[in-house]
Amino acid sequence: MTDEVGRQRGGRESRAHSSACREATLGPSKRKVVVASTSGAQLQEPEAEHPEPQPMAEEEAQENVDAQENVDAQEDDDRQDEEEQNDEVDPPPPPPPPAPKLEPQVTKFGGGPSDLSLLPSFGGHVAAALWRGEEMWPKDTQVVEASGLRPLLKTNYNHVGSGLLTAFTERWQPETGTFHLPIGEMTITLDDVSCLLHIPITGKMLNHVGTSCTMEEGQDMCEELLNFSREDAQEEFDKMKGAYVSFAKLLEIYHDNLNLALEAENNEDEEEETIEFLRDCTVRAFLLYLIGGTLFTNKSAQYVDLIFLSYLQDIPLINTWNWGASGLAYMYNYLDRASRRRCGNHGGYNCMFQAWVFAHFKRYGQHFLDENYTNEEPVGAKYYPLNTGKWPYETRTSLDRMEVDEVTFCPYEDHRQTRPFQDISWYSGWIMCGSSMICPHLPERVLRQYGHVQSIPRAPGVSAKAGMNQFSIQDAFDEYLNENYVTEEMRGPRAVHGYETVPGYIAWFYRVSHPKIWPPVGGDPPRPANVEVMIEEDNANKKCDAFEICKTVQEEVREKLDGELTLEAARQVLEKVYNDLDPVVKYALHRKRKRDSGDGKKKKKKKKSKTRGEEASPSGQG
């Protein structure tokens with residue numbers, strides 16, 4: 001997938017291109033030349049249309065490296081001879097311009113591959129382009145930094161486990177916006193996005209109409225915002241069959257504007273307005289490439305929709321858009337589609353999806369921790385996944401057999417100093433990415449992810465009301481404290497162990513959901529379908545002291561009867577008595593089932609032993 005790009009690690013030297021090493025050592029006065037030469041060399045790469053890589057023997061690769069080093073050495077000797085000859089002539093004639101030194105052949109890339117025998121043309125791949133985040137920066141890096149989107153450069157992976165993500169997608173339920181697992185509901189929340197990506201989760205959500213713009217609108221934006229002519233834009237639209245720009249073409253647009261901006265700055269007669277226009281076009285092309293390959297990756301993973309360019313028009317206001325909530329709604333929308341039958345790969349930011357799985361389920365992520373990670377980076381940069389299984393069968397079974405103590409509901413406690421919890425994460429209602437991608441965000445269904453005991457949640461329609469449009473949704477988000485908010489009373493008590501639920505939650509959940517994908521496969525030990533319900537009852541039994549509960553209820557009732565008791569107070573007393581006695585009823589029911597089950601087993605065992613004795617008797621006599 002073209003959007004599965006690498007990361008620029010903090011403190012790690014990028015070896016994606018030799019010019020990156022030179023740029024790190026040159027002073028500010030020489031940085032222009034380096035960027036210009038680098039971008040000029042890469043302008044031709046997208047035109048190759050990513051040809052199929054041809055295998056190359058390791059010996060051949062080494063020969064190429066040795067040959068290149070010999071060429072460099074020979075050029076150095078020739079240049080030295082020319083300088084000695086010039087010193088003997090008095091007066092010296094004007095020296096000829098030195099021949100441009102060929103750059104050493106790249107033999108490995110940061111983040112892999114380090115052996116180019118399989119992927120000799122990886123230098124032209126889009127993954128290598130975004131890995132070179134340092135040398136792809138526009139001249140004014142502060143502008144990109146201020147956009148709030150720069151952390152996305154650190155949260156991309158070279159490998160995404162399609163089998164792992166497919167197994168989780170099969171448990172996604174669009175009505176609740178959550179994954180339905182054997183241990184209850186979980187989901188990717190706004191707090192997850194904030195910690196995993198370090199991008200904004202407040203502000204105005206993307207509110208365009210439909211899913212894409214018209215070709216005429218796309219031509220206007222390309223000309224005004226990217227310095228890409230209407231004719232060339234239409235040619236690209238015809239090729240992509242819509243108002244879309246391929247990543248290869250977008251990379252070319254970026255380098256064209258960058259080179260023009262550098263030339264304009266070196267031209268004393270160029271107007272400042274022209275220089276500013278070219279620099280802005282460079283920044284927009286870079287950011288469009290970035291969000292198109294991360295937050296808003298479509299199913300093709302080959303192009304970006306120009307509708308998102310409209311949000312990059314006013315560069316100082318880019319950081320005011322709610323990229324986190326809209327990117328999450330975009331992911332939710334593709335999860336909704338992928339959960340239907342006969343649906344292929346889904347879009348959205350799969351790297352964020354996989355990072356969420358790794359953070360909450362150590363079974364899958366503990367093998368991919370990056371030893372160079374620091375807490376200043378997004379949590380998504382904490383992992384460095386290798387290639388994993390393509391098929392979901394093994395993960396399906398492991399998820400079906402999951403137990404609650406295998407889940408890390410609150411994985412960001414040691415990250416709060418870098419990324420504090422934001423109150424907007426308690427927002428309960430619709431989130432959106434345009435008028436056609438509207439999905440529910442319901443924290444009350446995943447209270448354990450917020451550190452609270454999970455209760456039986458209210459119906460989704462209470463928070464995510466029907467009949468709302470993009471304007472009323474934004475109003476509800478802005479004024480979330482009025483109605484669309486999980487209050488402290490709704491949150492309930494804090495969880496002591498992190499995974500507690502109120503009595504009856506698991507039984508209710510198994511009654512209204514389908515948390516298991518399939519029965520145990522051959523070879524696995526039998527596991528009852530309602531084992532979680534049995535565990536819940538068992539846990540309640542261990543904590544249940546019937547005598548103490550009945551004694552407490554009796555004392556509380558006596559106290560109320562001795563005072564003035566109104567009709568409303570009497571109703572509250574009866575309601576409390578009913579709830580307090582519920583564990584006692586479960587305890588008695590469980591004891592009865594256990595006793596009946598034990599008696600039945602004993603009877604069967606005696607009968608079986610007697611039968612075996614009768615069968616053994618004749619043989620003994622014989």
Side-chain angles (χ1 to χ4, degrees), residues 160-173 176-188 192 335 338-339 341 350 353-369 383 385-411 445-449 453-454 456-457 495 497-542 586 590 593-594 597 601:
V160 173
S162 57
L164 175 67
L165 301 189
T166 297
F168 273 88
T169 302
E170 293 168 345
R171 288 161 168 78
W172 179 263
Q173 297 297 335
T176 59
T178 57
F179 300 99
H180 285 213
L181 303 167
I183 48 86
E185 295 181 66
M186 294 186 69
T187 195
I188 309 172
D192 284 310
L335 285 171
S339 65
R341 292 184 60 190
N350 285 333
F353 187 4
Q354 181 160 298
W356 178 84
V357 173
F358 287 168
H360 288 277
F361 305 90
K362 293 183 179 179
R363 171 201 291 255
Y364 305 112
Q366 63 185 354
H367 304 297
F368 302 123
L369 295 175
Y383 306 99
L386 303 176
N387 199 8
T388 56
K390 181 180 180 181
W391 308 108
Y393 308 119
E394 183 178 348
T395 309
R396 284 175 184 166
T397 302
S398 65
L399 287 178
D400 272 356
R401 300 184 57 81
M402 175 187 297
E403 296 185 7
V404 70
D405 57 354
E406 299 178 34
V407 183
T408 305
F409 288 98
C410 299
R445 307 194 73 87
V446 291
L447 289 175
R448 288 176 291 183
Q449 292 182 231
V453 176
Q454 181 61 55
I456 298 176
H497 302 289
Y499 51 76
E500 291 92 335
T501 62
V502 298
Y505 169 78
I506 293 294
W508 164 84
F509 180 67
Y510 272 69
R511 187 172 67 252
V512 300
S513 181
H514 183 78
K516 301 290 183 67
I517 293 298
W518 53 15
V521 297
D524 286 340
R527 177 180 172 89
N530 64 335
V531 67
E532 277 72 22
V533 180
M534 297 167 60
I535 293 174
E536 180 188 56
E537 292 175 350
D538 203 35
N539 290 338
N541 299 334
K542 293 177 182 177
K586 285 187 175 180
H590 175 77
R593 289 176 178 172
K594 190 174 182 180
S597 176
K601 288 181 180 178

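Numbering starts at 1 and runs along the sequence shown. Every heavy atom of this structure was used, including side-chain atoms; hydrogens, water molecules and symmetry mates were not.
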inquiry  = Treating H514 as the side-chain partner and K516 as the backbone partner, does any N or O pair qualify as donor plus acceptor under 3.5 Å?
reply    = yes
message = Is it the case that the ring center of F179 lies less than 6.0 angstrom away from the ring center of F353?
response = yes
key: Closest non-hydrogen atom pair between V453 and V502, with its separation   = CG1-N, 3.7 Å
request  = If the plane angle is over 60° it's perpendicular, under 30° parallel, otherwise tilted; pick one for Y505 and W508.
outcome  = tilted
query = Rounded to the nearest 0.5 Å, what separation is found between the CG atom of N350 and the CG atom of L165?
reply = 5.5 Å
ask   = Considering the options R448, R445, R171, Q454, which one meets the side-chain hydrogen bond (donor to acceptor under 3.5 Å, both in side chains) requirement together with E185?
value = R445
remark   = For F358 and G365, the nearest pair of non-hydrogen atoms, with its separation, is CD2-CA, 3.4 Å
request  = For A338 and T169, work out which heavy atoms get closest and say how close.
outcome  = CB-CG2, 3.5 Å
ask   = Do the side chains of L399 and E170 get nearer than 4.5 Å, heavy atoms only?
value = no
inquiry  = Using every non-hydrogen atom in the two residues, find where M186 and Q449 come nearest and quote the distance to one decimal.
reply    = CA-OE1, 3.2 Å
key: Shortest non-hydrogen separation from T408 to A359 and the atoms involved   = CB-O, 3.9 Å
query = What distance do I456 atom CD1 and T501 atom OG1 have between them, rounded to the nearest 0.5 Å?
reply = 9.0 Å
request  = Supply the atom-to-atom distance M402 CE to T395 OG1, rounded to the nearest 0.5 angstrom.
outcome  = 10.0 Å
key: Heavy-atom pair of closest approach, residues P515 and F509   = CB-CE2, 3.8 Å
query = Does a side chain donor of either Y364 or S398 reach within less than 3.5 Å of an acceptor in the other side chain?
reply = yes
Enclosure of E394 CD (heavy-atom neighbours >12, cutoff 6.0 Å) = no
task = Kindly say whether R401 contributes a backbone atom to a donor-acceptor pair with the side chain of E403 at under 3.5 angstrom?
result = no
task = Determine, stepwise, if the pair Y499 / I183 fulfils side-chain contact (heavy atoms from CB on, under 4.5 Å).
result = CA-CA 9 Å; Y499 51 76; I183 48 86; over 6 Å; no
ask   = Between CG of D400 and CG of L181, what distance do you get to the nearest 0.5 Å?
value = 9.5 Å
